[in-house]
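Each remark here refers to the structure printed beneath this line.
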Amino acid sequence: MSVDDWFMNEILPLEGALIRFLRANWRNGGDVEDFRQEVYARVYAAASRQLPDYPKALLFTTARNLLIDQVRRSKIVSIETVMDLDTLNVSRDEASMQQVITAREEIRMLEAELEKLPRRTREIFLLRKVDGLSQRETAKRLRVSEPTVERHLRKGILHLANALNRTTSRRDETAQRTAGEMKRFEDEN
Amino acid sequence: MKTKTDLSHTAPAADVDREAAGWLTRFDGAGCLAVRTSVEDLCREDAAFATWIGESFAHRTAFLRVLAAWQRADRLSAFTDIRPAPRQVIPGVAKLAAAVALFAVAGLSVLAVMNRTGEEMAGSALVAQTFETELGGQETVTLPDGSVIELNTDTVIRADVTNEHRHVELLRGEAYFEIAHDPSRPFTIAVGDETVTVLGTKFSVQKLETGIEVMVTEGRVQIEERAAEVPLTFVAGGQRALTSAGSVLVEKQDVAETQREMSWRTGRLDFADTPLSKVAAEFNRYNETKLVIADDAAAQIAIGGSFKSNNVDAFARLLRDGLGMEVVWHAEEIRVHSSPQ
């Protein structure tokens, strides 16, 4: 398995749990996406040296270390943060709390997320992804320019990436795994 | 570096994500995103992308993230891949009419689920839309309720699907339907001014010169003359119904025949012992260049085989080289004679 495949299959399905973990342990919610980005970069770097046996454990340990680094690096450390630091353990519940949904629920969720998009964006996204029209055909059908179609698709996929990567469907095996591997990982390291 | 939290040396996630999505949609526009496309493939495609990817792992993971979402979004349309047995064609055009109401009987569970979500989507972009194919064209559309319609060559349909009703009008041509199961919202198909009610999930409807043709692969179809007081006619899977001036003829059709008749769905025309006149008429439904059979003897010749519907040239060459017929190419037609004169 390539590192890319590994990342997509093992790590991305955990995004929902990761985001909840970051939110729960960092007071400034505005930083969470940047943390997520950094955690992914670090996890990927580690995995390209060697694919880890316990992806979930690697992910949350990386997240925890990142948060600890951040606290240490901050010039102003609030009492609250210092206290949090002591309790900053990846709870096993946290890791298993990831939302597991069935394929049907997933499709329903996809559609619900599409509903949140502006009408034009949704229409273009549906034509491209559901009806299978190419960008050019979509542009022709709606009598808009191809760059316009591309722009709407970009908007749509960004929205869906946030929504989709935060849930995981039952077919993603990772979701089935228990948080037990976290324990084993911690014991071994 | 704008983040307050001083994370390594990467731009804010929002910016990187937008860049990643930009690359993704650019590749999609260029048709570079196949199912198994790897980041390395794309790097070979575009040096600027390779540079961007190489700049940081954050770039790479951001790209993988939008790529994963892009691929998962395909599951939205995955249910349209549930393809049943294929369907048919009879040459013809215009003037009859029917409305077809389908009460899906044996709907697949996935489709049943799609119904519910379809309701949520009612009022969205796909409601009350016109779809059409050009001569030789073919298109598959998915309605908001999850029903799938395959349009054959030179076909126009109007679809109006809301929370309350599901209505499609076949204005021209031929289409194959897979209707999502939803007893609360009958699916009606109007074809001209005859009313046809269909019970079933998978069938085709073609508008002919004097009526309609309904071919059922699965479930049951009910045909009803809108004007005349004719009893309802039921057509079951494996049957074919032909209406004309208030009459309905139902005949049994063996599976092989149904398969042949529906071969257009794969871009082919299949024949078995079919008179050349009928074969030519079939090809002419798909191509600007018309096959003209110049004499009766030629028209009677029986043809069998499988041909690409849009390659009338190849078929004409076969007639010439294989059957020794005289074939003359003109600007807008290909004339076929039984033997060289």
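The sequence lines fix the lettering, A, B, ..., with proteins before strands; numbering per chain opens at 1.
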Next item on the list: Counting only heavy atoms closer than 4.5 Å, note whether L24(B) contacts chain A via side chain, backbone, both or neither.
Entry: side chain

Notebook entry, point to check: Which salt bridge (Lys or Arg N to Asp or Glu O under 4.0 Å) pairs, counting each pair once, include a residue from residues 17-26 of chain B, with sequence neighbours left out?
Noted result: R36(A)-D17(B), D15(B)-R18(B), D17(B)-R65(B)

Item checked: Part of R128(A) lying under 4.5 Å from any heavy atom of chain B -> side chain

Next item on the list: Report the C-alpha separation of R172(B) and D154(B) in whole Å, then their side-chain angles, then the decisive distance to 0.1 Å, and conclude whether the salt bridge (charged side-chain N to carboxylate O under 4.0 Å, His left out) test is met.
Entry: CA-CA 7 Å; R172(B) 183 170 78 226; D154(B) 194 21; 3.1 Å; yes

Next item on the list: Answer with side chain, backbone, both or neither: which region of Y40(A) has an atom nearer than 4.5 Å to a non-hydrogen atom of chain B?
Entry: both

Margin query: Is T138(A) in contact with chain B via its backbone, its side chain, both, or neither, using a 4.5 Å heavy-atom distance?
Written below: neither

Next item on the list: Drop me the distance from Q138(B)'s CD to R265(B)'s CZ, to the nearest 0.5 angstrom.
Entry: 9.0 Å

Checklist line | Stepwise side chain to side chain donor-acceptor pair (under 3.5 Å) test for D41(B) and S38(B) | finding: CA-CA 5 Å; D41(B) 293 338; S38(B) 71; 3.3 Å; yes

Next item on the list: Using heavy atoms and a sub-4.5 Å threshold, report which of residues 149-158 of chain A line up against chain B, by residue number.
Entry: E150(A), L153(A), R154(A), I157(A), L158(A)

Notebook entry, point to check: Is there any residue in residues 48-58 of chain B with a non-hydrogen atom under 4.5 Å from a non-hydrogen atom of chain A, and which ones are they?
Noted result: F57(B), A58(B)

Next item on the list: Would you please name every residue forming a side chain to side chain contact (heavy atoms under 4.5 Å, CB included) with T155(B), sequence neighbours left out?
Entry: T133(B), L151(B), N152(B), I157(B), L170(B)

Next item on the list: Could you check E38(A) against R42(A) for salt bridge (charged side-chain N to carboxylate O under 4.0 Å, His left out), going step by step and ending with a plain yes or no?
Entry: CA-CA 6 Å; E38(A) 180 65 18; R42(A) 290 185 186 187; 3.0 Å; yes

Next item on the list: Could you tell me which non-hydrogen atom of S309(B) sits nearest to which non-hydrogen atom of Y286(B), and how far apart they are?
Entry: O-CB, 3.6 Å

Note to self: For E15(A), which atoms come within 4.5 Å of any heavy atom of chain B: side chain, backbone, both, or neither?
What the structure shows: side chain

Item checked: Any side-chain heavy-atom pair of F27(B) and L33(B) under 4.5 Å -> yes

Notebook entry, point to check: Say you draw a straight line from CZ of F125(A) to CG of L127(A); how long is it, rounded to the nearest 0.5 Å?
Noted result: 11.5 Å

Margin query: What's the separation between atom CD1 in I11(A) and atom CG in L58(A), rounded to the nearest 0.5 Å?
Written below: 6.0 Å

Next item on the list: Mind running side chain to side chain donor-acceptor pair (under 3.5 Å) on D4(A) and Y44(A) for me, showing each step along the way?
Entry: CA-CA 8 Å; D4(A) 285 353; Y44(A) 191 95; 2.5 Å; yes

Margin query: Checking E137(A) against K140(A) for the salt bridge (charged side-chain N to carboxylate O under 4.0 Å, His left out) test, could you report, in this order, the C-alpha distance in whole Å, the side-chain angles of both residues, the deciding distance, and whether it holds?
Written below: CA-CA 5 Å; E137(A) 290 163 342; K140(A) 214 173 126 193; over 6 Å; no

Check: Which region of E146(A), side chain (C-beta onward) or backbone (N, CA, C, O), has a non-hydrogen atom less than 4.5 Å from a non-hydrogen atom of chain B, or is it both or neither?
Finding: neither

